[in-house]
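Step one of this worksheet: look at the structure below.
None of these values were measured; they are calculated from a predicted model. We count ligands from 1, going down the list as the structure has it; atoms in each ligand are counted the same way. If you read the sequence from its start, that first residue is 1, and numbering goes on from there.
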Amino acid sequence: MNRETSRELYDRSLDVLVGGVNSTVRAAPQPYPTFVQSGDGGHVVDADGNRYVDWVMGLGPLLLGHDLPQPVESAIQRHASEGPMYGVPTELEVEHAEFVARHVPSVEMLRFVNSGTEATVSAVRLARGYTGRNKIVVMQGGYHGAQESTLVEGDADHRGPSSAGIPPEFAEHTIPVPFNDTEAVTEVFEAHGDDIAAVLVEPILANKGIVEPVEGYHETLRDLTHDHGALLVWDEVITGFRVGGLGCAQSEFGVTPDVTTFGKIVGGGFPVGAIGGRTDVMEAFTPTGDVFQAGTFSGHPVTMAAGLETLQYAAENDVYEHVNRLGDRLREGLAEVVAEQAPEYTVVGRDSMFKVVFTRGGSAQSGRCAAGCRQDPDCERFDACPTDASDVGDAAVDRWNRVFRPQLLDEGIMLSQNQFESQFVSYAHTEEDVDQTVEAYRDAL
Ligand SMILES: *Cc1c(COP(=O)(O)O)cnc(C)c1O
């Protein structure tokens, strides 16, 4: 496969873009990233004209794939042509907020922003302002964007910033705990309960190989936050409008957070974020409350049109049925291949998310978990499946990055940039894309 143009573009980009990219993970593929020219349904075409089945899908936002259905596309074009933005309110923002509030159980009011990062930054400030407390609890391996309060590593006793440029004092206010460990988070609340403003958690660890919650974990977080007067903040930037359809993961899991952050799909492929929640909490934001929040581009008309039309299209068509059905077919196919050829590996994901984590122990997945690990204690390889971020971190990461992903790329299948990022099925993918992908895994594993 000829990738000369990508190589040359990367060479050029290294002079003017830091590390050749505008977001760190994009530089991960070795020896250089593939530069995309255009999207086409469930495929992308690279700068050299090679075509790939695309499971990156923008790293989450592209529920409908690369070719937007006619009503979505024309709404975007209409709003782009009416002048890009105004800095004063539009009806679209109201309509989009009404749609989200109507479908997502915990959301009464919203504030739209421009990225998932901005949403979690604002949510943390909101929780601190609302409760008058400083500390937040996050999950090891959870991801909430490039923000100071959550770029923290370590554990409750030994923690520090996970990036240069963040004062160590910041990390004192953020307590990382292992996902799915009820005991660890209970101890943290026993020690710091009166100082904790919020627990910030993804319903599924979706940026660390996909890790499902064990039964009762989210209920424990709900009870602890409630009992100690802290807020439960769910980061649904990835799972929102993907897992559990229009009701999001909170409707699937039956847990009601106080605040939810959104991003990705809610902007239909344009830069977006949102914070949603109960009225009494949300009204702590300015201008009704005293937690400052603002943004020149927030509620951008083109983004609002793209997001709203995407979700309306999903509400009126078989979008979730299609992506979830293909997700099942994909995970079941992969589970078969893995059982035959790499029984120590774990197929993870649900609805339209999937990944094979190159775990190092255990026999083949069985029964209910064959279509994606569900943390079933009765599954014979329960102990070998990932239950927290360290289990995913222990996987055969180099094999995935250096051997497996490049081979799939050669076979015309584009996977996300490393072992940890999720992969996504879109409405534009077909059974043929799924079957071709399963065969490529069969060849490569
Ligand atoms: C992508 C992501 C973010 C960050 O969103 P950006 O738009 O990249 O800033 C935050 N939280 C989760 C769970 C994400 O997946």
Side-chain angles (χ1 to χ4, degrees), residues 21-28 55-63 104 111-127 136-152 162-163 174 176 179 198-213 218 221 232-244 248-250 252-253 257 259-276 295 297-300 303 306-307 310 348-355 389 392 416-424:
V21 293
N22 282 306
S23 188
T24 300
V25 73
R26 295 178 203 168
W55 301 112
V56 182
M57 279 296 150
L59 287 170
L62 303 181
L63 177 64
V104 184
R111 173 73 48 95
F112 284 106
V113 293
N114 305 291
S115 70
T117 298
E118 220 185 307
T120 65
V121 167
S122 300
V124 167
R125 191 183 309 129
L126 177 70
I136 59 165
V137 175
V138 298
M139 302 299 136
Q140 292 165 356
Y143 183 67
H144 308 290
Q147 72 132 315
E148 265 65 4
S149 296
T150 60
L151 289 174
V152 169
S162 62
S163 161
T174 303
F179 188 59
V199 172
L200 179 55
V201 62
E202 295 167 81
I204 300 169
L205 284 193
N207 290 277
K208 196 77 177 184
I210 311 180
V211 180
E212 290 274 326
H218 283 304
L221 297 181
L232 179 62
V233 182
W234 271 28
D235 184 349
E236 292 227 43
V237 171
I238 276 195
T239 53
F241 306 103
R242 182 171 293 284
V243 172
C248 305
Q250 53 198 261
E252 182 106 337
F253 292 153
V259 173
T260 305
T261 54
F262 301 95
K264 301 192 171 124
I265 290 176
V266 85
F270 290 81
V272 80
I275 310 98
F297 291 107
S298 295
H300 194 286
T303 300
T310 294
V348 292
R350 69 160 65 206
D351 289 358
S352 54
M353 296 170 64
F354 77 100
K355 195 82 181 177
V392 181
S416 59
Q417 288 96 332
N418 61 33
Q419 165 76 98
F420 307 124
E421 303 279 336
S422 182
Q423 295 154 174
F424 303 97

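Partner of V138 under the side-chain contact (heavy atoms from CB on, under 4.5 Å) criterion, chosen from L200, V201, D235: L200.
Nearest-heavy-atom check against atom 13 (C) of ligand 1 across F262, Y143, W234 picks out Y143.
Residue contacts with ligand 1: E202 is placed with no nitrogen or oxygen under 3.5 Å of a nitrogen or oxygen of the ligand (distance criterion only).
The NZ atom of K264 lies 10.0 Å from the OG atom of S115; values are rounded to the nearest 0.5 Å.
Which parts of ligand 1 touch N207 is read off a 4.0 Å heavy-atom cut-off, strictly below it: atoms 12 (C), 13 (C), 14 (C), 15 (O). Within ligand 1, the atoms closer than 4.0 Å to a non-hydrogen atom of S115 are 7 (O), 9 (O), numbered from 1 in the order shown. Heavy-atom contacts of I238 reach the following atoms of ligand 1: 15 (O) (cutoff under 4.0 Å).
Considering only non-hydrogen protein atoms, atom 14 (C) of ligand 1 sits nearest to K264 NZ, 3.0 Å. If you check which protein heavy atom lies closest to atom 3 (C) of ligand 1, you get V237 CG1, 3.7 Å. Among all protein heavy atoms, the one lying closest to atom 6 (P) of ligand 1 is G116 N, 3.4 Å. Among all non-hydrogen protein atoms, the one lying nearest atom 8 (O) of ligand 1 is T117 OG1, 4.5 Å. Of all protein heavy atoms, the one lying nearest to atom 11 (N) of ligand 1 is D235 OD2, 2.7 Å.
Neither the backbone nor the side chain of T261 comes within contact range of ligand 1; no heavy atom lies under 4.0 Å.
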CA sep, side-chain torsions, deciding dist, call: C248, T260, side-chain contact (heavy atoms from CB on, under 4.5 Å): CA-CA 10 Å; C248 305; T260 305; over 6 Å; no
For M139 and E202: C-alpha separation, side-chain torsions, deciding distance, then whether side-chain contact (heavy atoms from CB on, under 4.5 Å) applies. CA-CA 8 Å; M139 302 299 136; E202 295 167 81; over 6 Å; no
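Across M353 and A206, no two heavy atoms sit closer than the pair CE-CB, 3.8 Å.
Using a 4.5 Å heavy-atom threshold, the side chains of V272 and F262 count as separate. Side-chain contact between S416 and Q423 is present, with at least one heavy-atom pair separated by less than 4.5 Å.
Crowding of F253 atom CZ: a count of heavy atoms from other residues, nucleotides or ligands under 6.0 Å exceeding 12.
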